[in-house]
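The sequence lines fix the lettering, A, B, ..., with proteins before strands; numbering per chain opens at 1.
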Number of protein chains: 2
Amino acid sequence: MAASLREVAAKAGVSVRTVSNVVSGSAPVAAATRERVQQVLDELQYRPNFAARQLRGGRTGLVGLVVPELSSPYFAELAGLFVDAALERSWTLLIDQSGGTAEGERRLLEGSGRRVLDGLVLSPWALPPEDLTRYAGEHPLVVLGERDPHGVADHVSVDNVAAAHVVTTHLLATGRTRIAAVGVQPHLANATAAQRLLGHRQALADAGRTPDPALEVAVSTLHRAEGARAVRELLDAPHPPDAVFCFSDQLALGALRAARERGVRVPEDLALAGFDDIEDGRYATPSLTTVAPDKQQIAARALQCLADRLAGRGSAVAQRVVVPHRLVVRESTGRATAGPAPR
Amino acid sequence: MAASLREVAAKAGVSVRTVSNVVSGSAPVAAATRERVQQVLDELQYRPNFAARQLRGGRTGLVGLVVPELSSPYFAELAGLFVDAALERSWTLLIDQSGGTAEGERRLLEGSGRRVLDGLVLSPWALPPEDLTRYAGEHPLVVLGERDPHGVADHVSVDNVAAAHVVTTHLLATGRTRIAAVGVQPHLANATAAQRLLGHRQALADAGRTPDPALEVAVSTLHRAEGARAVRELLDAPHPPDAVFCFSDQLALGALRAARERGVRVPEDLALAGFDDIEDGRYATPSLTTVAPDKQQIAARALQCLADRLAGRGSAVAQRVVVPHRLVVRESTGRATAGPAPR
DNA sequence: GACGTGGCATGCAACGTGGCAAGTCACATC
DNA sequence: GATGTGACTTGCCACGTTGCATGCCACGTC
């Protein structure tokens, strides 16, 4: 069924080696020969044998991407961009979903995938650094999102501190005074939320304000429901906020719904900002102010890191790539109404 | 870095073949020898070479899943279940996203993936049957969702006609009289929407009602925004509906938002039903009545089909697996208020 | 002691490909 | 006509694994 080089060679009356040369273009072949061989190739629908190629070359052309959950729009969008970016390098992308658990994150690292993949891009939530270190010592690995600074794996993320800083500063500039932060995740090994909280606090401090711990709300997941719950709690508190900075757009969309349920107007009574710039946020009413990480560049740079390692160009020390982001101001953080805070 | 059988054999003082036998257990090995070899295996951290195994055995242990979009919660959930189901068979699942375009759907079928995968599960939207036929002739293929009845590939789906019938019958039972159907997709090769429309019409006919073409709304995508648009149009029409059956939960969630924007109460003024039973619908307010396909079984049966084909147990003719579904009645289709339809 | 049996170990071959170096051939140059 | 040159082609080998056939040895049986 699957034609091999040998069969093509026999039919074309040339050596196996010449057919190989026609296919790969690695050595000169006379035009007439090339044409004849090519014709047989087409005729027999020759496709190079993946296993044999790998056995010979040591490469599979397969790259893995492990995200916590595909049902999260941010990761789904990101995965799509990785597929495209991989395609540009003629790599095939293998996507896996870890569920945000250490076990899931270890699956491709330790499992059969280990020997199949040329490289791996991982967005870890739960996995302790030791596991990453061990793997990175033997295989090309790129980590997405924040980790401890002395990691050994290459590392791509936005500057979460700066990004959070600019959001809170923007909220202050629209005249808000009590700005809540929703999305702290103390249970995760992942440091992203911690970095954003840091930037948020710094912005408050830079404006001469003291962060109010009552306005920093932890969440168990980054889903809509948690955003809604957080905002309900905030609105029920004795001193409700007049702005909420959610650490993901999903949280912000949940927050938006909760606010609306309570009859709190957005942005007039409550400003809302998110993070990620997912499509749903663009089409929400009001549309969502957010931080837009350059997702395309995250994908591109992450694969570039892998390519460097594969080519042996990788530096011995882990690289730390910071991808640009920008604040996208939309309707949900319009000017506050004059007068007292709601309620 | 990666130890080969040869190295292990040398260090253990046995033949390569014996080491292979220890690893695979395919031939008897004396206990003493086995132990000694095993010790060296552990010591050198031997891992079988994937490529060489495939080259010999012809199997990769890799199975592909192609869905239109991962950002759609239904497909994301489904993909997650496929990952789990594949794991149970010690297969690795390669997920790809086609964008719902013929080109994207052809990528894994025709591209490099073709030779890499032991089998493929495809959820086609745009691909003409010829492509599927050609591929299925050469490789194990399972198609998800409705296709023309005389397809050559194995085929797993729910009974969309029956499922749609039960939804519309339920809406009629709650006292609704003008039931709209949102989600017709005349531009797709995919027949799923057509089957649901058929079931919907049959339910109306069975209740002695004549379907009103003005209440059948086509959509370009299955996203929230399209559901919202459809409902706005329906509510603006001279004779608005008192119930809407959306062909996906995503559409229904969009519809829910649009209804709320217009001040139309759900379910009092307008009943809403969806399809897919995605998580967002369970936590929406009001929670969404929907059809729950047994997604876990879709994954399990689809992989079973592949396994059968791989084992040569596949029948010559295409198999057609119908997976059970159930109607999940929640808040969004509660009893109508007495009195005239809204507006 | 010859023979058969069964348990275990081994060597050979092959899967399809690509690197390497040697080979063939035509043609130009001296 | 011998030699060199360059363009093209080819055979050999190795990658790591496993199927197959064979080899070796000890033991039991006639």
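Under 3.5 Å, the side chain of A:Arg17 and the base of D:dT10 form no donor-acceptor pair of N or O atoms.
Summarising the geometry, the separation between CZ on A:Phe50 and C1' on D:dG16 is reported as 15 Å, rounded to the nearest angstrom. Between A:Tyr46 atom OH and C:dG16 atom P the separation is 10 Å, expressed in whole Å. Per the geometry, CG belonging to B:Asn21 stands 12 Å off C1' belonging to D:dT17, to the nearest Å. Rounded to whole Å, atom C1' of C:dG7 lies 13 Å from atom CZ of B:Arg34. The CZ atom of B:Arg56 sits 12 Å away from the P atom of D:dT17 (whole-angstrom rounding). A straight line from CG of A:Leu41 to P of C:dT17 spans 10 Å, rounded to a whole angstrom. B:Asn49 places its CG atom 13 Å from the C1' atom of D:dT18, with the value rounded to the nearest Å.
Backbone-only engagement by A:Ser4 is indicated by non-hydrogen atom pairs under 4.0 Å involving sugar-phosphate atoms exclusively. Looking at heavy-atom distances under 4.0 Å, B:Pro28 makes contact with sugar-phosphate atoms alone, never a base. Counting any heavy atom pair closer than 4.0 Å across all strands shown, A:Val29 reaches sugar-phosphate atoms only and no base atom.
In terms of position along DNA chain C, the nucleotide closest to B:Val14 lies nearer the 5' end than the nucleotide closest to the other residue of the pair B:Val14 and B:Leu55. Both A:Ala31 and A:Val16 lie near DNA chain D, and the one whose nearest nucleotide falls closer to the 5' end is A:Ala31.
Taking the side chain of A:Ser20 as heavy atoms from C-beta on, and the options C:dA9, D:dT18, C:dG18, the nearest nucleotide is C:dG18. For A:Ser15, the listed nucleotide lying nearest its side chain is D:dG11; candidates were D:dG11, C:dT17, C:dC15. Relative to the side chain of A:Leu5, the nucleotides C:dC8, D:dG16, C:dG18 differ in distance, and C:dG18 lies closest.
Taking side-chain N and O atoms only, A:Arg6 has a distance below 4.0 Å to OP1 or OP2 of C:dC15. In this model, the phosphate group of D:dT18 is approached by a side-chain N or O of B:Arg53 to a distance below 4.0 Å at OP1 or OP2. Residue A:Thr33 places at least one side-chain N or O closer than 4.0 Å to OP1 or OP2 of D:dT9.
Side-chain atoms of B:Lys295 do not come within 3.5 Å of backbone N or O of B:Tyr74 as any donor-acceptor pair. Side-chain atoms of A:Asp118 come within 3.5 Å of backbone atoms of A:Gly61 as a donor-acceptor pair (strictly under, hydrogens ignored).
Counted by atom type alone, A:Arg301 and A:Gln319 present zero donor-acceptor pairs between their side chains at under 3.5 Å. For the residue pair A:Arg309 / A:Gln304, no side-chain donor-acceptor distance below 3.5 Å is found, with atom types taken as modelled. With 3.5 Å as the limit, one finds no donor-acceptor pair spanning the side chains of A:Arg53 and A:Asn49.
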